[in-house]
Amino acid sequence: MLARQSQFDMQKIHSIDLNLTINSGQVFLWNKIGDIWFGIDGEDLLAISEPFKIISPSRKINRFFREDDDLSKILSEIEKDDLVKSAVKDFSGLRLMRQDPFQCYISFICSSNSSIQNIKRMLENLCKKFGDEMEFDKRLFFTFPKPEILSDASNKDLLSCGLGFRAKYVKQAAKMANLEKINFASLRKENYKSALETLKTVPGIGNKIADCILLFSLDKLESFPLDRWTQRILKKYYPKIFGDMQGKSLTEKKYSELHEKIVKYFGSYAGYSQQFLFKMERDLYKKNWL
DNA sequence: TCATCACCTGGAGA
DNA sequence: ATCTCCAGGTGAT
């Protein structure tokens with residue numbers, strides 16, 4: 001009886017909250033139509049109904065939501081203090097996703113100095129212009145453009161998608177991926193630091209964006225993207241521990257030093273802790289996504 | 001190594 | 001209406 005009860009609790013604790021997860025700043029190409037979420041992931045379309053059921057033809061079942069992670073172990077590992085504990089409790093259905101790397105890479109290059117709505121629009125435009133048409137459930141969708149297509153795109157066409165100064169970065173990044181100067185399968189095998197440095201050779205990718213790509217698509221769970229929000233969180237809740245980062249701009253050196261401290265404190269699954277804290281803080285300011 | 005500043009674009013607030 | 005400021009940063013002085 002006791003065993004059965006605790007098993008029930010575990011399942012409840014470990015059930016995925018789709019709305020929460022999709023609205024946590026990781027993905028941009030998701031829309032809820034009726035009570036079904038539709039999302040583009042590379043050349044795949046994911047359609048998911050509540051309670052959690054993937055209803056589209058996709059090979060990503062049991063992969064996309066990192067179902068292979070040992071969540072019990074990870075959560076107990078990151079619960080270093082009351083703040084993380086309460087965030088994990090309040091947002092218990094929140095998950096990291098394992099996105100298509102190329103899409104993730106282009107998406108976060110587009111994210112620089114922009115707003116969620118704007119990023120979403122840019123990416124939707126890219127899909128419409130360069131992606132493949134796809135029909136499902138009597139609806140029309142566009143997949144994310146392949147590297148070889150995007151690397152041949154004209155600057156004019158990229159600008160027409162609203163990319164602005166990011167157009168040249170996207171073009172160059174697509175070329176590097178297409179030529180396998182950036183090889184995602186290799187990056188996945190490399191260690192965090194090495195993969196980070198490789199990604200940063202791409203124009204338009206600095207520390208923050210590289211960390212997003214590593215965490216959201218390349219299984220580097222120690223990534224902890226340091227943006228305005230996560231910096232605010234550290235300053236606000238952890239002044240004693242991460243206090244010496246109060247310099248306005250996070251320089252190259254400070255970024256890596258801070259990251260080392262973060263991994264030392266939160267552990268090797270720091271990326272998960274980041275996601276819970278980030279979601280918590282954004283909700284506090286009523287910031288929403290999709 | 002560090003601090004400043006410009007940058008496409010569209011939405012929000014003055 | 002028109003302007004300014006800013007948004008999940010990065011690259012060039």
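A note on names: the letters A, B, ... follow the listed sequences, proteins ahead of strands, and every chain is numbered from 1.
Summarising the geometry of A:Ser56 relative to A:Ala47, their closest heavy-atom pair is OG-N, 2.9 Å, with the distance given to 0.1 Å. For A:Phe130 against A:Leu158, the heavy-atom pair with the smallest separation is CE1-CD2, 4.0 Å.
Both tests hold for A:Arg232 against A:Tyr285: distance to the six-membered ring centre under 6.0 Å, angle to the ring axis within 45°.
Residues satisfying the side-chain contact (heavy atoms from CB on, under 4.5 Å) criterion with A:Asp137, sequence neighbours excluded, are A:Phe38. For A:Tyr255, the ring-ring contact (aromatic ring centres under 6.0 Å, His included) criterion is met by no residue, not counting sequence neighbours. Taking the side-chain contact (heavy atoms from CB on, under 4.5 Å) definition, one finds that A:Phe184 meets it with A:Pro101, A:Phe102, A:Tyr105, A:Ala177, A:Ile182, A:Leu187, A:Leu218, sequence neighbours left out. Every salt bridge (Lys or Arg N to Asp or Glu O under 4.0 Å) that A:Glu197 has, sequence neighbours left out, goes to A:Lys200. Residues that satisfy the side-chain hydrogen bond (donor to acceptor under 3.5 Å, both in side chains) test with A:Tyr169, not counting sequence neighbours, are absent from this structure. Among residues two or more places apart in sequence or in another chain, the side-chain contact (heavy atoms from CB on, under 4.5 Å) test is passed with A:Thr143 by A:Asp132, A:Met134. Annotation: side-chain contact (heavy atoms from CB on, under 4.5 Å) contacts of A:Lys73 (sequence neighbours excluded): A:Asp70, A:Tyr269.
The CD1-C1' distance, from A:Ile213 to C:dG9, rounds to 12 Å in whole Å. With rounding to whole Å, A:Lys168 atom NZ is found 15 Å from B:dA6 atom P. Rounded to a whole Å, the CD1 atom of A:Ile109 is 18 Å from the P atom of C:dG8. Here the C1' atom of nucleotide C:dA7 and the NZ atom of A:Lys120 are 17 Å apart, to the nearest Å. Whole-Å rounding puts the A:Lys235 NZ to C:dG8 P distance at 17 Å. Here the C1' atom of nucleotide C:dG9 and the CG atom of A:Leu226 are 12 Å apart, to the nearest Å. Computed from coordinates, the A:Trp229 CH2 to C:dG9 C1' distance equals 16 Å when rounded to whole Å. Atoms CZ (A:Phe108) and P (C:dG9) sit 11 Å apart, rounded to a whole Å.
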What string of B, S and - do you get for nucleotides 9-14 of chain B, 5' to 3', if B is base contact, S is sugar-phosphate-only contact and - is no contact with any protein heavy atom under 4.0 Å? BS----
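Screening residues 156-168 of chain A for salt bridge (Lys or Arg N to Asp or Glu O under 4.0 Å) gives no qualifying pairs among residues at least two apart or on separate chains. Applying the side-chain hydrogen bond (donor to acceptor under 3.5 Å, both in side chains) test to every pair with at least one member in residues 181-192 of chain A, sequence neighbours left out, gives these pairs: A:Asn183-A:Ser186, A:Arg188-A:Asp219, A:Glu190-A:Ser194, A:Tyr192-A:Asp211, A:Tyr192-A:His259.
Closest contact between the side chain of A:Phe165 and the listed nucleotides B:dT1, C:dG8, C:dG9 involves C:dG9. When the nucleotides B:dA3, C:dG9, C:dG8 are ranked by their closest atom to the side chain of A:Ser249, B:dA3 comes out on top. Taking every side-chain heavy atom of A:Arg228 into account, C:dG9 is the closest of C:dG8, C:dG9, B:dC8.
As rounded to the nearest Å, B:dG13 and C:dG8 have P atoms that lie 14 Å from one another. Taking atom P on both C:dA12 and B:dC8, the two are 13 Å apart, rounded to the nearest angstrom. Remark: the separation of the C1' atoms in B:dC5 and C:dC6 is 15 Å, to the nearest Å.
At the phosphate of B:dC2, OP1 or OP2 sits under 4.0 Å from a side-chain N or O atom of A:Thr251.
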Review item, nucleotides 10-12 of chain C N/O atoms under 3.5 Å of protein N/O:
unit_1	atom_1	unit_2	atom_2	d
C:dT10	OP1	A:Gly206	N	2.8
C:dT10	OP1	A:Gly206	O	3.3
C:dT10	OP1	A:Ile209	N	3.1
C:dG11	OP1	A:Gly204	N	2.7

Given pairs defined as Watson-Crick or G-U wobble with both distances under 3.5 Å, what dot-bracket annotation applies to DNA chain C, with ( ) intrastrand, [ ] crossing, | other strand and . unpaired? .||||||.|||||
